[in-house]
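Heads up, the thing below is written out as C-alpha cells.
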Amino acid sequence: MLMKDARDQIVEYGKEMLRSGLTRGTSGNLSVYDPATGYMAISPSGIGYFETKPEDIVIMTLDGTIVEGNRKPSSEAGMHAGFYRKKPGTCGIVHTHSVFATTFACLLRPIDMIHFCICNIGADKVPCAPSVTFGTPELADIAVQAAGTCKAVLLGNHGLVACGSSLDEAFLLADNIEFAAELQWRAECIGKPNIMSDELLASTRERFKSYGQ
C-alpha cells in the first residue's frame with residue numbers, strides 16, 4: 001500500500017475535523033504530498049469521515065493520474081494539486097467549511113490580524129478569493145492566485161484552505177484561523193476590533209522564533 005502513513009493521517013484528521021467542528025457531514029477534504037515520489041494522497045469524494053478507511057484514500061500524481069485506489073478522489077483534488085505545485089514546501093492541506101471562517105467567506109471579507117495565533121500565516125491577513133463553482137479548474141487557479149504569500153485562503157461562499165509543511169501543521173493553522181474568525185466576528189458585534197499594528201506584528205513574529213521546545 002503506497003503512502004500508508006499519509007493514509008492513516010488523513011483518516012484520523014478527517015475524524016478530528018468533524019469532532020472539532022471544522023466541517024460538517026462529508027464536506028471538506030484533506031491531502032498529503034510526498035515530494036520524493038510526486039504522489040499526493042487525498043480523501044475520497046462523498047464518504048463519511050468516520051466511515052473512511054486507509055484503503056479508501058486515493059493516491060495520485062499532481063496531473064490527476066490515479067496511481068492507487070478504487071475510489072473517486074475528492075472533487076477538489078485539482079485545487080490541492082495547484083497549491084502543491086505553486087507553494088514549494090507545502091506537504092499537507094486541509095480544506096474546511098468551518099462556521100466562522102466560512103461566514104467571512106460568504107461576505108467575501110478577509111480575516112484580519114486580530115490575534116497573534118495567526119501571525120505566521122505569511123501575510124498580514126487571510127485573503128478571500130472570489131466565488132466560483134466548487135471542484136473546477138477555475139477555482140483551483142483563483143484560490144492559489146488569491147492566496148499569494150499566505151499559507152491560507154478563504155474561498156468565496158465556500159470555506160477555507162490551509163497549507164502546511166505537514167498535515168499536522170495545516171490542521172493547526174485551520175483551527176487557529178477558525179478561532180481568529182470567531183474572535184473577529186464577536187469583536188465586531190461589540191464594536192471596532194483593534195487590529196495588530198505592523199510593529200506589534202513584527203515583534204510577535206520575532207518572539208515566535210524562540211517559542212516552544
Side-chain angles (χ1 to χ4, degrees), residues 13 16-17 20-23 28 30-33 35 79-80 82-131 139-213:
Y13 272 112
E16 188 58 29
M17 279 210 308
S20 61
L22 290 181
T23 200
L30 313 91
S31 70
V32 172
Y33 177 61
M79 181 175 66
H80 286 246
F83 277 102
Y84 290 128
R85 281 194 296 264
K86 298 294 186 179
K87 283 188 172 293
T90 298
C91 292
I93 294 175
V94 174
H95 168 42
T96 74
H97 292 179
S98 53
V99 173
F100 289 96
T102 305
T103 297
F104 279 87
C106 289
L107 293 167
L108 298 182
R109 280 189 56 188
I111 297 169
D112 293 320
M113 194 58 63
I114 194 169
H115 192 277
F116 69 84
C117 73
I118 60 169
C119 75
N120 284 333
I121 59 174
D124 293 342
K125 60 182 63 179
V126 181
C128 186
S131 303
L139 175 60
D141 291 341
I142 209 165
V144 174
Q145 181 180 354
T149 62
C150 192
K151 295 178 182 178
V153 64
L154 296 171
L155 308 177
N157 297 93
H158 187 158
L160 169 73
V161 177
C163 304
S165 61
S166 64
L167 192 57
D168 292 1
E169 186 178 288
F171 189 90
L172 178 60
L173 179 58
D175 197 39
N176 281 340
I177 290 173
E178 176 65 4
F179 174 66
E182 181 175 357
L183 287 179
Q184 186 168 341
W185 181 85
R186 290 180 180 277
E188 290 185 359
C189 287
I190 300 172
K192 184 179 180 180
N194 180 54
I195 307 305
M196 294 176 69
S197 67
D198 292 342
E199 293 77 14
L200 178 57
L201 186 53
S203 65
T204 303
R205 285 171 173 162
E206 187 64 28
R207 185 70 174 169
F208 259 114
K209 292 178 181 179
S210 59
Y211 174 77
Q213 301 302 311

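Each residue takes its place number in the sequence, starting with 1. When reading the values below, keep in mind they use all heavy atoms of this one structure, side chains included, and skip hydrogens, waters and symmetry mates.
- Residues A162 and A152 come closest through the heavy atom pair CA-CB, 4.1 Å.
- Considering every non-hydrogen atom in both T149 and G122, the closest pair reads OG1-O, 2.8 Å.
- Within the 4.5 Å cutoff, no side-chain heavy atoms of S98 are placed close to those of F100.
- Q184 and P110 make their closest contact through NE2-O, 4.1 Å (heavy atoms, listed as atom of the first residue, atom of the second, distance).
- With sequence neighbours left out, the side-chain contact (heavy atoms from CB on, under 4.5 Å) criterion links N176 to C117, I118, L172.
- The two residues A143 and A129 have their closest heavy-atom pair at CA-CB, 4.4 Å.
- S131 pairs with exactly one of L155, I142, N157, L139 by the side chain to side chain contact (heavy atoms under 4.5 Å, CB included) rule, that one being N157.
- The distance from the OG atom of S20 to the OH atom of Y13 is 10.5 Å, given to the nearest 0.5 Å.
- At a threshold of 4.5 Å between non-hydrogen side-chain atoms, the residues M79 and V144 do not count as touching.
- A distance of 11.5 Å separates CD1 in I195 from CG in L200, rounded to the nearest 0.5 Å.
- The structure places CD1 of I177 at 6.0 Å from CD1 of I121, a figure rounded to the nearest 0.5 Å.
- Atoms CD1 and CG, on I93 and L173 in that order, are 11.5 Å from each other to the nearest 0.5 Å.
- A distance of 3.5 Å separates CE of M196 from OG1 of T204, quoted to the nearest 0.5 Å.
- Within the 4.5 Å cutoff, side-chain heavy atoms of V94 are placed close to those of L167.
- Of the options L107, I111, L108, a side chain to side chain contact (heavy atoms under 4.5 Å, CB included) to L154 is made by I111 and by none of the others.
- The two atoms that bring A105 and G159 nearest to each other are CB-O, 4.0 Å, heavy atoms only.
- Taking the six-membered ring where the residue is Trp, H158 and H95 present perpendicular rings, their angle passing 60° and hence far from 30°.
- Taking a cutoff of 4.0 Å between a charged side-chain nitrogen and a carboxylate oxygen, D124 and R205 qualify as a salt bridge.
- Under the 3.5 Å distance criterion, the side-chain polar atoms of S210 are matched with a main-chain donor or acceptor of R207.
- A distance-only check finds no donor-acceptor pair linking the side chain of K151 to the backbone of A170 [under 3.5 Å].
- Applying the salt bridge (Lys or Arg N to Asp or Glu O under 4.0 Å) rule to pairs touching residues 181-198 yields R109-E188, E182-R186, sequence neighbours excluded.
- Once rounded to the nearest 0.5 Å, the distance linking CG of L22 with CZ of F171 reads 5.0 Å.
- Formation of a donor-acceptor pair under 3.5 Å by the E169 side chain with backbone atoms of C163 is not found in this model.
- For the pair F83/V153, a side-chain contact is recorded, criterion being any heavy-atom separation below 4.5 Å from C-beta on.
- L160 places none of its side-chain heavy atoms less than 4.5 Å from the side chain of E178.
- For the residue pair P35 and C91, the shortest heavy atom distance occurs at CG-SG, 3.8 Å.
- Under the 30°/60° scheme for interplanar angles, the aromatic rings of H80 and Y84 are found to be tilted.
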